[in-house]
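Let me begin by presenting the structure, written as structure tokens, before commenting on it.
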Amino acid sequence: MGRFFQRFYSDDEPVYSCLGCGAHFAQYKELLSTNFRGRTGNALLFNNVINVTAGPLEDSVMTTGLHTIRCLYCVVCQERVGWKYEVAFEEDQKYKEGRFILEEELISSAPNGPTEA
Ligand SMILES: [Zn+2]
């Protein structure tokens, strides 16, 4: 299969990256919601995420109903960092389809990101 292709966002774009290896995952502007729960605690919903590989489809019953998801792994260090929603079975959860969850504990925001005043 050969090498993975790690992609990088531009240095002036604040990004969320892998806590373990620093691979870029998502830009701040892709963040949709911080109001999610992951295995380790808080989780963030993103419109798009890079440098991850997705596992096989699995059904997962969450507090918001049944979903079909794929686990997401960092392409560099293979850490399981979140999941992707493939199918949401409840009408009011459909907005999550095709979106990505990253666990807050497993990602870090870049030093050039927005800072608290
Ligand atoms: Zn990593």
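Since this is a predicted model, take the numbers as computed values, not measurements. Counting convention: from 1, in listed order, for ligands and their atoms alike.
At least one donor-acceptor pair closer than 3.5 Å links the side chain of E97 to the backbone N or O of A88. Using modelled atom types, one side-chain atom of E103 and one backbone atom of R39 make a donor-acceptor pair closer than 3.5 Å. Side-chain N or O atoms of H24 include none that pairs as donor or acceptor with a backbone N or O of F8 at under 3.5 Å. Here the side chain of K84 pairs no donor or acceptor atom with the backbone of I69 at under 3.5 angstrom. A side-chain donor-acceptor contact under 3.5 Å links R70 to the backbone of G55.
Screening I50, V15, V81 for a side-chain contact (heavy atoms from CB on, under 4.5 Å) with F25, the sole residue that qualifies is V81.
Within the sub-2.8 Å shell of the Zn ion (ligand 1), the protein contributes these N/O/S atoms: C18 SG, C21 SG, C74 SG, C77 SG.
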